[in-house]
Number of protein chains: 2
Amino acid sequence: MPRPTKQSPERGDARTRLLEAARDLIRAKGFAGCSVDDLCQAAGVTKGAFFHQFASKEGLGVAAAEYWAETTSAFFAAAPYQANKDPLHRVLAYIDFRKEIIAGDLAEFTCLVGTMTQEVYATSPTIRDACAASIFGHAKTVEADIAAAMEARGMERDWTAASLARHLQTVIQGAFVLAKAANDPDIARESIDHLKRYVVFLFSNTAPVEEQHTSAERGQ
Amino acid sequence: MPRPTKQSPERGDARTRLLEAARDLIRAKGFAGCSVDDLCQAAGVTKGAFFHQFASKEGLGVAAAEYWAETTSAFFAAAPYQANKDPLHRVLAYIDFRKEIIAGDLAEFTCLVGTMTQEVYATSPTIRDACAASIFGHAKTVEADIAAAMEARGMERDWTAASLARHLQTVIQGAFVLAKAANDPDIARESIDHLKRYVVFLFSNTAPVEEQHTSAERGQ
DNA sequence: GAATTAATACCGACCGTATTGTACTTATCA
DNA sequence: TGATAAGTACAATACGGTCGGTATTAATTC
């Protein structure tokens, strides 16, 4: 139940503003790297509001991961590549889409939960679990398409739809790491190209995969 | 020039002990997540020694990344998979080896510089550059084998040896992220399997790749 | 439908501790 | 003896978190 604030009643409640500030700040400076004061200042909120909304800084971390899971799953659910009818085309268009949205500053397109996991996996199990739910929950949605594509082609392989779905996330997460190291988004796109070539290969032995799938335009 | 210490004269000098403590602690808790006191305690060294050896905590971060680059390059240079005569077999055996050494606790086999990069790429360019030098320096060594394998087979492709070498590192780094999220090393091994399948595929169109390469045993 | 009560959302000064880094002293070796 | 290495005490501040208080709204009462 959002409630306006004196200072900026139009921007929504303090909780949402803090979650958005956390999303942006943590991606740039890491979880331990930004203080509660930093977050409050970025959100235009006082410390009192922070600890009214969240029991602790760790509590905010969990909420930020959950908020990330919600917003990104809505984002991908509404993305144009979903319009592809064929499951395999949808998977390939998903990969294209992941490449397309790598644009702008690193902190704008990299993954909040991937960054947080690396940092707190050993020190904060609750944050780690929330991050894992986001990553593997997203993988599950792609897994459904992969499984459908496999079944449609009657494939029998020594790999599973689940493992391939996770592999897609592996490459995407790793691409972010190398892009950060090189300070260059092209490094990330490069690996997505290799990933797509691999998926095309996996399905090319059963039936030819045409380049008909679309990611940016509605496929009707 | 190692110098013994009162408390533990057998363990070498304070600088090395601090670098080893940093390697282990930062992999578990992140760079910002462990304090100078933590590092000193883990190394069995006082704070005076710390700031005698390093100008700042950031200075230790840079040194730790450089130390990581040195020790890992020596580790891979001495690894048994290098004995493979054929460059392609050496690449495939490298991938096998990367899978083999995923064992024990997460903090023992994950990558220090990958973890640090994610955290400080925006806040500490000096640490980021040191991490990048480690990652891409290592990739260069694999790139040499990939390039040799391509040349031996007279391949003409729409990908380069450099990009494939970086892709290997992408998958490895991403595998660590997902393994941390799931708290399960198997998740990492799974993606390495996909990676190997991909590399085998890339080279299978020119000449058959037998499973003769070895990673654990000396090949000669 | 005005007055009162209760509950929520928020503010901001303050607290105790943890943090990085400094200054000075002590030990060790060439 | 002079230089390097390491130990000790402490200074300055940054940090997460607390606490009493205020503002706004919804529910309740008369």
Side-chain angles (χ1 to χ4, degrees), chain A residues 1-22 25-26 28-65 67 116 119-120 123-127, chain B residues 1-22 25-26 28-64 67 116 119-120 123-124 126-127:
Chain A
M1 42 191 73
R3 189 79 108 7
T5 299
K6 255 200 244 171
Q7 325 180 4
S8 33
E10 73 287 351
R11 282 177 62 204
D13 63 337
R15 183 183 172 86
T16 304
R17 295 214 305 277
L18 278 166
L19 290 174
E20 287 170 353
L25 263 187
I26 294 173
K29 300 169 55 177
F31 179 74
C34 60
S35 67
V36 172
D37 284 325
D38 289 339
L39 292 162
C40 290
Q41 193 173 358
V45 150
T46 60
K47 209 181 271 197
F50 185 103
F51 286 100
H52 175 74
Q53 296 291 344
F54 309 103
S56 62
K57 192 189 174 191
E58 187 179 25
L60 166 90
V62 174
Y67 182 70
M116 270 206 293
E119 215 180 322
V120 304
T123 51
S124 173
T126 62
I127 294 181
Chain B
M1 43 193 73
R3 183 82 99 19
T5 299
K6 258 198 246 173
Q7 324 181 6
S8 31
E10 72 288 352
R11 283 178 60 204
D13 63 336
R15 182 182 173 87
T16 304
R17 296 215 305 277
L18 278 166
L19 290 174
E20 286 171 354
L25 263 187
I26 294 173
K29 300 170 55 178
F31 179 74
C34 61
S35 67
V36 173
D37 282 327
D38 289 340
L39 292 161
C40 290
Q41 193 173 358
V45 151
T46 61
K47 209 179 279 194
F50 185 101
F51 285 100
H52 175 73
Q53 297 290 343
F54 309 104
S56 63
K57 192 189 173 189
E58 187 179 24
L60 166 89
V62 173
Y67 182 70
M116 269 207 293
E119 216 179 322
V120 304
T123 51
S124 173
T126 61
I127 294 180

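In what follows, every heavy atom counts, from backbone to side chain, and hydrogens, waters and symmetry copies are set aside. Naming: A, B, ... by sequence-line order, numbering from 1 per chain. Remember, predicted model here, so these are calculated numbers, not experimental data.
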(request) Indicate for each nucleotide in nucleotides 17-24 of chain C, in 5' to 3' sequence, whether protein heavy atoms under 4.0 Å reach the base (B), only the sugar-phosphate (S), or nothing (-). (result) --SBBB--
(request) Can you see which heavy atom on S56(B) is nearest to which on F51(B), and at what distance? (result)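 Between these two residues, the closest heavy atoms are CA-CE2, 4.1 Å.
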(request) Supply the atom-to-atom distance S35(B) OG to Q41(B) CD, rounded to the nearest 0.5 angstrom. (result)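 Answer rounded to 0.5 Å: 8.5 Å.
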(request) Can you measure from CG (L19(A)) to CD (Q53(A)) and round to the nearest 0.5 angstrom? (result)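 Reported value, rounded in 0.5 Å steps: 8.5 Å.
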Side-chain donor or acceptor of [X] paired with backbone N/O of [Y] under 3.5 Å:
X: E119(B); Y: A32(B); value: yes
X: R17(A); Y: V45(A); value: no
X: K57(B); Y: F31(B); value: yes

(request) Examine dA6(D): is either OP1 or OP2 under 4.0 Å from a nitrogen or oxygen in the side chain of H52(B)? Give yes or no. (result)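 False: H52(B) side-chain N/O out of range (4.0 Å or more) of dA6(D) OP1/OP2.
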(request) Report yes if at least one side-chain N or O of Q53(A) is closer than 4.0 Å to OP1 or OP2 of dA9(C); otherwise report no. (result) no
[N] [atom2] sits how many Å from [X] [atom1], rounded?
X: L18(A); N: dC10(C); atom1: CG; atom2: P; result: 9 Å
X: F54(A); N: dA9(C); atom1: CZ; atom2: P; result: 12 Å
X: Q41(A); N: dA14(D); atom1: CD; atom2: P; result: 13 Å

(request) Compare the minimum distances between each of dG12(C), dA9(C), dG7(D) and the side chain of A49(B), then state the nucleotide with the smallest one. (result)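 Taking heavy atoms from C-beta onward, the closest nucleotide is dG7(D).
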